[in-house]
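Worksheet: the structure to be examined is printed underneath.
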Amino acid sequence: MGERPDRNLALELVRVTEAAAMAAARWQGRGDKNAVDQAAVDAMRKMLATVDMDGIVVIGEGEKDEAPMLFNGEHVGNGKPPYVDVAVDPVDGTRLTARGMPGALAVLAVADRGSMYAPGSLVYMDKIAVGEAAAGTVDIEAPVEHNLRQVAKAKDKEVGDVTAIILDRPRNEPYVQAVREAGARIALIGDGDISGVISTAKQDSGIDILFGIGGSPEAVTAACAMAALRGEIQCKLWPRDESERRFALEHDLDLDQVLSTRDLVDTDNTFFAATGVTSGTLLDGVRFSGELVRTHSVVMRSGSGTVRYIDAIHRVEWLKDVGAAL
């Protein structure tokens with residue numbers, strides 16, 4: 001499939017997520033989620049054109065809600081090798097940003113060409129995720145209580161001390177009830193599926209396991225991070241109606257298949273970058289101070305397992321040409 005990345009692309013991709021985060025943060029609390037997304041997309045697309053890579057967007061956020069997007073099949077980068085698949089979520093948490101709530105991120109992931117799982121129009125998946133300590137011990141098809149006990153055993157704690165993170169949606173109410181009945185703790189989130197998965201693998205997050213139905217694009221993107229963090233995500237496609245069931249049948253997508261981290265991104269060579277838009281448990285948000293703007297990012301590379309946190313200060317006048325709305 002052409003030349004593979006032989007450098008840490010994540011260190012270049014973070015320039016893209018920084019620009020997207022700064023653009024989106026200008027719309028924090030202003031109530032317009034599409035404006036948040038559009039600002040991030042415009043900045044991200046412009047910065048992606050400067051990155052040395054020949055990328056094809058496999059996972060383009062926005063299809064499920066008709067938001068502005070980097071579309072599936074779009075070519076990004078300057079056209080030079082390496083040849084890569086790209087998963088992009090200009091803002092994971094547009095609603096959070098629009099409402100001035102915590103936890104929104106600008107996210108970008110890259111992997112070898114042909115390695116990313118493409119769910120097509122099936123935009124939701126049932127998910128379970130854990131960090132390295134509990135990887136290999138859970139099963140998405142097992143009862144919630146069993147998985148909570150497995151995580152408790154792996155992390156040498158009582159079930160009552162285990163915290164599950166769950167996306168706060170009516171469709172996830174059965175998970176909420178099952179966790180409560182098992183006696184474990186719950187952290188409900190309004191949005192931020194990617195950060196929810198990653199939080200299970202972040203040692204100081206206080207989160208032990210993720211349950212629930214969330215976005216398919218977010219699952220693939222998060223898998224690129226979990227490959228670096230040595231955590232685990234398991235998913236199953238979750239069709240919303242009969243038309244999506246027919247789509248799965250017509251496109252040979254197995255609704256009963258349990259998709260592992262490796263199924264979602266079939267390579268040992270993934271790169272992940274995220275920058276905080278609004279402050280949350282994973283990253284601090286964008287902070288404006290006169291002519292200076294401060295960002296907080298994380299970059300990951302699965303080949304080495306390296307995770308870096310980057311605290312950057314940008315000058316406003318340098319950013320005007322990248323479409324960062326500053």
Side-chain angles (χ1 to χ4, degrees), residues 58-59 61 85 87-89 92-93 103 105 107-111 115-119 122-142 144 146-148 150-151 154-155 162-167 169 171-172 175 179 187 189 191-203 205 207-238 253-274 281-282 298 300-303 305 307:
V58 175
I59 299 297
E61 174 62 12
D85 286 348
V88 56
D89 197 342
D92 179 34
L105 307 174
V107 179
L108 184 61
V110 163
S115 63
M116 285 187 184
Y117 180 82
L122 293 176
V123 296
Y124 288 100
M125 287 182 177
D126 197 0
K127 309 174 189 179
I128 186 172
V130 293
E132 184 175 11
T137 71
V138 297
D139 181 355
I140 193 172
E141 297 187 308
V144 166
H146 168 83
N147 287 317
L148 290 170
Q150 289 293 97
V151 171
K155 302 187 81 168
V162 171
T163 301
I165 192 166
I166 303 173
L167 194 62
R169 298 288 188 275
R171 61 179 179 264
N172 287 328
Y175 280 114
V179 172
I189 53 173
D191 289 292
D193 221 356
I194 295 172
S195 62
V197 172
I198 294 173
S199 69
T200 67
K202 190 172 184 283
Q203 290 186 356
S205 71
I207 302 298
D208 301 296
I209 186 169
L210 174 140
F211 291 110
I213 298 159
S216 299
E218 290 86 346
V220 178
T221 308
C224 293
M226 293 300 268
L229 293 165
R230 307 300 189 252
E232 180 179 12
I233 180 172
Q234 297 176 19
C235 304
K236 295 181 73 173
L237 290 167
W238 191 79
L253 295 171
D254 186 353
L255 297 179
D256 295 320
Q257 180 185 3
V258 174
L259 299 164
S260 66
T261 309
R262 190 73 184 203
D263 292 319
L264 295 171
V265 57
D266 189 16
T267 178
D268 294 319
N269 206 34
T270 70
F271 304 87
F272 177 93
T281 57
L282 182 63
V298 61
M300 308 181 194
R301 182 182 190 179
S302 67
V307 179

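Residue numbers start at 1 and run along the sequence shown. Atoms considered below: every heavy atom in the structure, side chains included; atoms not considered: hydrogens, waters and symmetry mates.
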Donor-acceptor pair, side chain of Asp89 and main chain of Val107, under 3.5 angstrom: no
Report yes if some heavy atom in the side chain of Arg169 is under 4.5 Å from a heavy atom in the side chain of Ile213; otherwise report no. no
Please tabulate, one pair per line, all N/O donor-acceptor pairs under 3.5 Å involving side-chain atoms of residues 125-134, not counting sequence neighbours.
{"unit_1": "Asp126", "atom_1": "OD1", "unit_2": "Tyr175", "atom_2": "OH", "d": "2.8"}
{"unit_1": "Asp126", "atom_1": "OD2", "unit_2": "Tyr175", "atom_2": "OH", "d": "2.9"}
{"unit_1": "Lys127", "atom_1": "NZ", "unit_2": "Asp193", "atom_2": "OD2", "d": "2.6"}
{"unit_1": "Lys127", "atom_1": "NZ", "unit_2": "Gly215", "atom_2": "O", "d": "2.7"}

For residues Ile165 and Ile209, determine if any side-chain heavy atom of one lies less than 4.5 Å from a side-chain heavy atom of the other. no
Is the shortest side-chain heavy-atom distance between Phe211 and Asn172 below 4.5 Å? no
pair Thr281-Ser205: side-chain heavy atoms closer than 4.5 Å: no
Taking all heavy atoms of Ser199 and all of Gly196, pick out the closest pair and write down the distance. OG-O, 2.6 Å
Treating Asp191 as the side-chain partner and Asp92 as the backbone partner, does any N or O pair qualify as donor plus acceptor under 3.5 Å? no
For residues 220-237, please give each side-chain donor-acceptor pair under 3.5 Å, one per line with the distance, not counting sequence neighbours.
{"unit_1": "Thr221", "atom_1": "OG1", "unit_2": "Pro217", "atom_2": "O", "d": "2.9"}
{"unit_1": "Arg230", "atom_1": "NH1", "unit_2": "Ala227", "atom_2": "O", "d": "2.7"}
{"unit_1": "Arg230", "atom_1": "NH1", "unit_2": "Ala228", "atom_2": "O", "d": "3.4"}
{"unit_1": "Arg230", "atom_1": "NH1", "unit_2": "Ser302", "atom_2": "O", "d": "3.0"}
{"unit_1": "Arg230", "atom_1": "NH2", "unit_2": "Ser302", "atom_2": "O", "d": "3.2"}
{"unit_1": "Glu232", "atom_1": "OE1", "unit_2": "Gly136", "atom_2": "N", "d": "2.6"}
{"unit_1": "Glu232", "atom_1": "OE2", "unit_2": "Gln234", "atom_2": "NE2", "d": "2.8"}
{"unit_1": "Gln234", "atom_1": "OE1", "unit_2": "Ile140", "atom_2": "N", "d": "2.9"}
{"unit_1": "Gln234", "atom_1": "NE2", "unit_2": "Val138", "atom_2": "O", "d": "3.0"}
{"unit_1": "Lys236", "atom_1": "NZ", "unit_2": "Glu141", "atom_2": "OE2", "d": "3.1"}

Can you confirm whether Ile198 sits close enough to Met300 that some side-chain heavy atom of one is under 4.5 Å from a side-chain heavy atom of the other? yes
Could you pull out the closest heavy-atom pair between Thr267 and Ser115, with the gap in Å? CG2-OG, 3.6 Å
Mind checking side-chain contact (heavy atoms from CB on, under 4.5 Å) for Val58 and listing every partner two or more places apart, or none if nothing turns up? Asp85, Met116, Ala118
Listed by chain and number, what are the side-chain hydrogen bond (donor to acceptor under 3.5 Å, both in side chains) partners of Asp208, not counting sequence neighbours? Lys155, Lys157
For Arg262, the salt bridge (charged side-chain N to carboxylate O under 4.0 Å, His left out) test, sequence neighbours excluded, returns Asp266, Asp268
With sequence neighbours left out, what residues match Asp263 under side-chain hydrogen bond (donor to acceptor under 3.5 Å, both in side chains)? Ser260
Residue pair Leu210 / Ile166, side-chain heavy-atom distance below 4.5 Å: no
Would you call Phe272 and Thr270 a side-chain contact if the rule is heavy atoms closer than 4.5 Å? no
